[in-house]
Structures are given as structure tokens and as C-alpha cells.
Amino acid sequence: MRSSGRNSRGSGSGSGGNNYRGAGNRRDEQQQRAGRPRPEERRYDVGGGSQAGPGPKAGPKGGSQGGPKGGPKGGAAKSGAPKGVGGRGRKPNAPARPREYEAQVEERNRARHDKPRVALPKTFGEVEGERLQKVLARAGMGSRRACEELIDQARVEVNGKIVTEQGLRVDPEKDEIKVDGLTVATQSYLFFALNKPAGVVSTMEDPDGRQCLGDYVTNRETRLFHVGRLDTETEGIILLTNHGELAHRLTHPRYGVKKTYLAAIQGPLPRDLGKRLKSGIELEDGYARADHFRVVQNTGKNYLVEVSLHEGRKHIVRRMLAEAGFPVDKLVRTAFGPIALGDQKSGWLRRMTNTEVGMLMREVDL
């Protein structure tokens, strides 16, 4: 109930039967003339459902009012449409997409992830080259930690400059890397030492079907070259590699790489045989001189002598000793430059160590 004092302030007539809102009665009349309902008659639909309520004179606490101030006591708030139907709630489930469309989506996703890798500019891409300690470790110089210690000890050179800082990046194909003055062989080059048996031809292929050097390296992907030759009946060490420049220099007379042989001959031998061989023996294609001569073993008339020379002419040792009057019964090459045959068995092929390769390269200024 509204107080009568408030009604008396509205019109001043004193009779408030129809003027129960006092001063607000004029505003209500204006709203009615404009076609707008009074505030107490406005309804706020929640959920879009049908809402029933009393007539226009229902008070603020009427059961049908769903206005902003309508609390839990309002009947319409409870009896309206369920939340989400026509309101801001959860959207209804979309219809299932066809399988063909799902397959197209899956194909596009796979195509997006299977794109080839884009080559980034060098500024943003990976740094060129490999770390020096990684190259050394792969070349067989030890673990990466051991190779880092070699760098700390200033024992590693790259292109003639000593490296003392870790993390230097190099190109194994272009840069010259040395450890203790010996060139380190990169992974792209192969170096082998074979103890060639007697009867094996010093060629990689033989058209007559005889056993040859190529029979010992048939499982290699890279083509190999034999460094020099040995007679078919001569045994001993022969080198195989795919480093063309090294193979060329090792056999070139300019570099004079020394070869050592053991020869079995029949005596007795004169004391001056070594002197004659060193002074030079005249052959049909010129003089041939030995760099070193010594008797290794003597049993009766059987002598085992060692001859070293830097020449590489065909049958050179056999021809020299035969010209001196001592034909060779058996001949074995025991060393090629700094690479010794050692206890390697006949017919065995072994991969040379990086130290041996480095010594070979230093022998021919590589």
C-alpha cells in the first residue's frame, strides 16, 4: 500500500481513487498515449517461451513479472522455456559431416605437414661446416672429449694455423686438418693395405679371369686404385685408395718414395755386393741404384737379403740382383714408404690408420 501523503502531492485534488501513483500518474498517461506500457506491465521473456501474467495493474511483486528485479519469487522465471533454446546457452549439435568431407580435411592436414623443408637463408639457417672435434672423432682420433684435449694442447692445425679455441667449424672436404703435423684423412677417402699373395695380378680387373686385386675389394661402394704394381709372383704390401692425387704422388719418381723388399737368393755372396748395388747396376733401360742393402739371414748357401730403393721400374729388384749374378727365388715387399707389412697375413686386407695416412701424405707433401 502506498501512503496517502504521496498521493496528495501528485494532483492536489485530494481525491486519490484513480491517482494511486500520485505525480507518476501523468507519466503513465503519457506512456499510454504514446503506445508504451507502464513499467509494471513490461515483461522480459527469458528463453522465448510463452509467459502468462495478470492484468496491467499487477504490482511489482506480481507472480507474472519477469523484469530485471524479478527474483526467485517470480513465477515466470521458473516456468519459462529451458535455457539454451533461443537464448545464449549451448548451441544445438551440428549435423554430422559426410565421410568424403572428413577425408578431404584429413588429406589437407597431411599435405600441410608433409611439405618439403624450406631452405632458409644462411642468416637464419644452420651454420655451415662441422665442429672440429666431431670431424676428428669421426676420423678415428679418439672420443670427442679426447679431441677437445688435442685442441687445448695446440696439437691441431687447420689450413696451416694452430687451433686453440673450441667450436671451430670446418669443411672436411676443403680444409686441411693436421694433428701433430700429420694430415687427418676425412671420411670420404679410403685407404687400405693388402698383403698380396703370389699369383695375384696387380690390376683391379683381369680380362683373362685370373685372380686380381679387385677380388679383395668387391664389396666396396667406392672405386679404388692400386698404388703401383707388384709382379704376379711377388708377394707383400700394396696400397689401395680412392685418393687419386695421393696415389699419383706415391708412384711419381719426383717424390722418391722408398720401397723395401726381402729377397731369397743363393750364395755365397761377395762382401762388395751391397756396394755394387748402391753404386748402380747397369740395365738395358739405364742404371738402377739401391738405397740400402743388408743380409738379414744366412743358412748355408741360402741368403735372405733386404734391399731398399726409391725407383719403381718393372721387375727392378729381380733384374738388379740377376744382373749382379744372384737370381731371386722369392721376393716379398715388406714396406711401402712409412707403411710396414708387419705381421699381416697373406691375403688379408686392412684399413690404414689415420696416423699412417698422415705419414704417407707428409711423405709426398700433401
Side-chain angles (χ1 to χ4, degrees), residues 191-208 210-214 224-241 243-266 269-270 272-296 303-341 346 359-366:
F191 305 89
F192 295 97
L194 172 68
N195 186 356
K196 186 186 86 67
V200 176
V201 183
S202 295
T203 58
M204 302 307 293
E205 296 181 0
D206 185 68
D208 298 331
R210 295 173 296 179
Q211 190 176 11
C212 61
L213 300 177
L224 298 175
F225 308 95
H226 54 88
V227 181
R229 294 176 179 269
L230 284 177
D231 305 335
T232 303
E233 297 304 322
T234 301
E235 307 175 28
I237 188 169
I238 188 168
L239 307 183
L240 304 170
T241 181
H243 197 304
E245 181 63 21
L246 177 63
H248 170 70
R249 294 195 182 192
L250 287 174
T251 55
H252 199 283
R254 171 186 174 186
Y255 297 95
V257 179
K258 185 171 64 174
K259 278 80 70 175
T260 302
Y261 298 83
L262 282 178
I265 57 178
Q266 298 292 323
L269 303 182
D272 63 343
L273 178 60
K275 183 177 180 180
R276 289 177 56 193
L277 294 175
K278 293 178 183 179
S279 300
I281 301 293
E282 185 177 3
L283 304 176
E284 63 272 13
D285 53 354
Y287 275 89
R289 295 178 177 84
D291 298 327
H292 176 74
F293 175 86
R294 72 184 180 99
V295 177
V296 177
Y303 283 83
L304 189 64
V305 298
E306 183 181 79
V307 181
S308 298
L309 68 169
H310 62 271
E311 295 190 42
R313 284 181 279 175
K314 186 176 181 180
H315 300 175
I316 186 67
V317 176
R318 292 179 181 273
R319 291 162 58 196
M320 288 177 63
L321 290 174
E323 187 67 24
F326 303 95
V328 175
D329 296 330
K330 184 177 181 180
L331 187 64
V332 178
R333 184 159 69 184
T334 58
F336 191 106
I339 311 303
L341 181 63
S346 178
M359 290 189 296
L360 274 179
M361 290 187 172
R362 184 170 61 181
E363 189 83 8
V364 293
D365 300 330
L366 277 179

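You'll find the side chain of Phe191 reaches within 4.5 Å of the side chain of Met361, heavy atoms only. At a threshold of 4.5 Å between non-hydrogen side-chain atoms, the residues Leu360 and Pro338 count as touching. The closest side-chain heavy-atom distance from Leu269 to Val295 is below 4.5 Å. A heavy-atom distance below 4.5 Å is found between the side chains of Ile238 and Leu213. Residues Val364 and His248 have side chains not in contact (no heavy-atom distance under 4.5 Å, counting atoms from C-beta outward).
Between Thr251 and Gly228, the shortest heavy-atom contact is CG2-N, 3.4 Å. Across all their heavy atoms, Ala288 and Leu283 have their closest contact at CB-CD1, 3.8 Å. Contact between Val257 and Gly337 at its shortest, heavy atoms only, is CG1-CA, 3.7 Å. Nearest heavy-atom pair across Phe326 and Pro270 is CZ-CD, 3.3 Å. Closest approach of Tyr303 and Gln266 over heavy atoms only: CD1-C, 4.5 Å.
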Legend entry - side-chain contact (heavy atoms from CB on, under 4.5 Å) assessment of Met320 paired with Arg313: CA-CA 11 Å; Met320 288 177 63; Arg313 284 181 279 175; over 6 Å; no
Inset, instruction - List the steps and the verdict of side-chain contact (heavy atoms from CB on, under 4.5 Å) for Val305 and Val296. - result: CA-CA 5 Å; Val305 298; Val296 177; 6.0 Å; no
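Checking side-chain atoms of His243 against main-chain N and O of Leu246 turns up a donor-acceptor pair under 3.5 Å. A distance-only check finds a donor-acceptor pair linking the side chain of Ser202 to the backbone of Leu230 [under 3.5 Å]. Side-chain N or O atoms of Arg333 include one that pairs as donor or acceptor with a backbone N or O of Ile237 at under 3.5 Å. Although no hydrogens or angles enter the test, the distance criterion places a donor-acceptor pair under 3.5 Å between the side chain of Arg249 and the main chain of Asp365. Using modelled atom types, no side-chain atom of Arg294 and backbone atom of Glu306 make a donor-acceptor pair closer than 3.5 Å. Remark: side-chain polar atoms of Lys196 are not paired, donor with acceptor, to backbone N or O of Val201 under 3.5 angstrom. Asp291 contributes a side-chain N or O that, together with a main-chain N or O of His310, makes up a donor-acceptor pair within less than 3.5 Å.
Crowding of Lys278 atom NZ: a count of heavy atoms from other residues, nucleotides or ligands under 6.0 Å exceeding 12.
Atom NZ of residue Lys314 and atom CG of residue Asp231 lie 8.0 Å apart, to the nearest 0.5 angstrom. Taking CG from Leu273 and CG from Leu321, the interatomic distance works out to 7.0 Å, rounded to the nearest 0.5 Å. Between the CG atom of Leu239 and the CG atom of Leu224 there is a distance of 11.5 Å, given to the nearest 0.5 Å. One distance of note links CZ of Phe336 with OH of Tyr261; it measures 8.0 Å at 0.5 Å rounding. The CD atom of Glu245 lies 10.0 Å from the NE2 atom of His252; values are rounded to the nearest 0.5 Å. We find the CG-NZ distance between Leu309 and Lys258 to be 10.0 Å, quoted to the nearest 0.5 Å.
Arg210 and Asp206 are joined by a salt bridge, as a carboxylate oxygen and a charged side-chain nitrogen come within less than 4.0 angstrom of each other. Under the 4.0 Å criterion applied to side-chain N and carboxylate O atoms, Arg319 and Glu323 are not assigned as salt-bridge partners.
Between the side chains of Thr260 and Ser308, at least one donor N or O sits under 3.5 Å from an acceptor N or O. Between the side chains of Asn195 and Glu235, no donor-acceptor pair is found at a separation under 3.5 Å.
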